[in-house]
Amino acid sequence: MRWSQAHIPTLREAPADAEAVSHRLLVRAGFIRQIAAGSYTMLPLGQRTRLKVERIIREEMDAIGAQEMLLPTLHPADIWRKSGRYDLMGDNLFKLKDRKDTDMVLGMTEEEIFALHATEIFSYRDLPQIWYQMHIKFRDEPRPKAGLLRVREFTMKDSYSLDIDWAGLDVAFEKHREAYKRIFARLGLSAVDVEASSGTMGGSESVEFIQRSEAGEDWIVTCDGCGYRANLEKATSALVPIEDGESTSIEKFPTPGLRTIKALAEAFPEVAAPERQIKTLVYVVDGQPTLILLRGDHELHEQKLIDHTGSTNVRPAHPEEIRELLGADPGSLGGVGVTHAPIIADNALRGRRNMTTGANEDDFHYKGVEVERDIPVGDWADLRTVALGDRCVECGSALDLWKGIEVGHIFKLGTKYSEAFGAIVQDEHGDSHPIVMGSYGIGVERNMAAVVEANHDDAGIIWPATIAPYEVVVTLVRPDDPAVKEAGERLYSGLLANGVDVIIDDREERPGVKFADAELVGIPFRITVGPKGVAEGKVELTIRRGLETEEVGLDQVVAKVTELVTAGRQLGR
RNA sequence: CGGGCUGUGGCGCAGUUUGGUAGCGCGCUUGCUUUGGGAGCAAGAGGUCGUCGGUUCAAGUCCGACCAGCCCGACCA
């Protein structure tokens, strides 16, 4: 490609509404343009990189025996009603009607359709299978953000494994885990696999791949001591034991105007330190008002509540609902003697004595509360949010807490969809079993953005050679100088002949403009051809990462750069 | 959905307080000069001021409604 003929609209300044580094750089370097919130055009450079990302994913999927298919994105709503996800997905599912007034949806993931195709498998002899596609997904996100990191329309590689039993699923799951590690390594990412919640997918186990980044939206808990890694929505931690003293009797006492854990602790330090208090929250869980009990200094993690109760709709109760239920306002709530609403307590409250909690009477609390004696807890669960400084359950080391981007997610679905769609096979004894499924996703454009987040400097993007839009740029310092022109064209043709993705910057621009553009776009190798060098039979080779430059003989440079490019393509393999 | 903010040439912004017929930088076009880190001079092109309605002799500016986009939160395979 000749830069003079390419559409590479670089910008000196980023649009004011771009905040995330990857968003700013991908726009400035001419890879993407926004069309609507969470909706982007891939310009020529963006499309080149996107196709290379797809190619890597395809190679690794094919390597584990996966077969590529292509399903429609436009689905009849009935298929989604059949799995129950038409309502479950709520407003995130794009819904529309066709001209005959039939309800349709745009696919946001395709377990349903793949399960439907799995109904054409009848025998264990035809299993296992891994099917995948590289396709557009639509999600009506409540809040698209950060350029390509959270969008409403994007390309996803989604694959689905079909097995006769759970042992088979385990195999497919681990195959995907390893394939994903190879994919991320080849993309230049250092993503790690962490335990995660399954959310609305259903299923027994899920693992997310997270690239550490300040632009990320997920909080990850890791342990350097033993390698424990989990999403905050799933993570657990060990607590320092607390000495509660002898058992005492429960006693109500006045606490006028004290409505917060902190205020109560300051007023009654001897009986109401935060770790001696029971925090009482009222949540409406699938329509059922429910008391949630935590230690005073702990925070609820709503996803844990959702996962534990298997509910789909969870929200804090409104103040009026709370007063109606308990007869008091927030600040004086407690579980003592409450039998007309379910009570779920966090495990950290097990066995605790001499606690303080609200008396369900404004301005009064109880002290001397013994949780299991005085409160009719119906259900114990891990509900608290792990905090910085907590210790590892496995090994006791201090846990680390950091932010990251979810670049991939793999799920053990089980039989939810095969049962819903009747994907049943017979085993060698003639017994029928629903197919055991797994589901595995990678967001293509989000991965592009994650690579930029992880690979850039002040000058711009630093693409790994594996997915750079061009591997080499030949920069003509003086394209009007016949010797420079001739030498540059010779290098260009030589590299093309060697199968290198090369672009020649033959624009009639000042050198500074060309250098700045090459660095902004992030091309891994730059060969600078200038009059002085050519006269001496030399050119300069600049490595984008680090921007170090060396002189290379005109006659050697094609071979040398071809070698470097070839080595760069091996990244992560 | 709650809170905050923003819509003026391709990009970044001023102008709105105090209504008078739209401006700056970058980019773009042409010419001359320049040519190893985002050039200089000169002449140009380009704007329904987010949309609709209202007030007024007159609206980018005042009033109302709506739309879009961004940020925080909620939400999120």
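Letters A, B, ... are given to chains in the order of the sequence lines, protein chains preceding strands, and every chain is numbered from 1.
Within the nucleic acid shown, K514(A) has no heavy atom closer than 4.0 Å to any nucleic acid atom. Residue contacts shown for A518(A) are absent, as no nucleic acid heavy atom lies under 4.0 Å away. Residue contacts for F154(A): at a heavy-atom cut-off of 4.0 Å it reaches a base atom on one of the strands shown. Across all strands shown, E110(A) has no heavy atoms under 4.0 Å from either base or sugar-phosphate atoms. A18(A) comes within contact range of no nucleotide atom at all, as no heavy-atom separation falls under 4.0 Å. Residue contacts shown for R24(A) are absent, as no nucleic acid heavy atom lies under 4.0 Å away. Nucleic acid contact class of P142(A) (heavy atoms, under 4.0 Å, all strands): base. Within the 4.0 angstrom heavy-atom criterion, no nucleotide atom of any strand lies near G441(A). Residue contacts shown for E302(A) are limited to sugar-phosphate atoms, with no base heavy atom under 4.0 Å away. Backbone-only contact: A37(A) has heavy atoms under 4.0 Å from sugar-phosphate atoms and none from a base. No contact: D158(A) has no heavy atom under 4.0 Å from any strand.
Nucleotide rG31(B) forms a Watson-Crick or G-U wobble pair with rC41(B), both donor-acceptor distances falling under 3.5 Å. Across every strand in view, rC75(B) sits unpaired, with no contact that passes the Watson-Crick or G-U test at under 3.5 angstrom. Across all strands shown, nothing is found opposite rG36(B) as a Watson-Crick or G-U wobble partner with both distances under 3.5 Å. Nucleotide rA58(B) forms a pair with no other nucleotide shown, judged by Watson-Crick or G-U wobble geometry with both contacts under 3.5 Å.
For E54(A) and R58(A), the salt-bridge test passes: some basic side-chain N is under 4.0 Å from an acidic carboxylate O. Between E486(A) and R490(A) there is a salt bridge, since at least one side-chain N of the basic residue sits less than 4.0 Å from a carboxylate O of the acidic one. With respect to E551(A) and K538(A), a salt bridge is recorded, a charged nitrogen being found less than 4.0 Å from a carboxylate O.
Residue-to-nucleotide proximity on RNA chain B shows that, of L547(A) and E13(A), the 5′-proximal contact is made by E13(A). When each of G512(A) and A36(A) is assigned the nucleotide of RNA chain B bearing its nearest heavy atom, the one mapping closer to the 5' terminus is G512(A).
If you check the side chains of E110(A) and Y160(A), you find no donor sitting under 3.5 Å from an acceptor.
Distances shown here put every side-chain N or O of K145(A) at or beyond 4.0 Å from the OP1 or OP2 atom of rG69(B). Look at R12(A) and you won't find any side-chain N or O under 4.0 angstrom from OP1 or OP2 of rC26(B). A close approach under 4.0 Å does occur between a side-chain nitrogen or oxygen of Q34(A) and OP1 or OP2 of rC70(B).
H409(A) and F411(A) have parallel rings, their planes meeting at less than 30° on a 0 to 90° scale where 60° marks the start of perpendicular.
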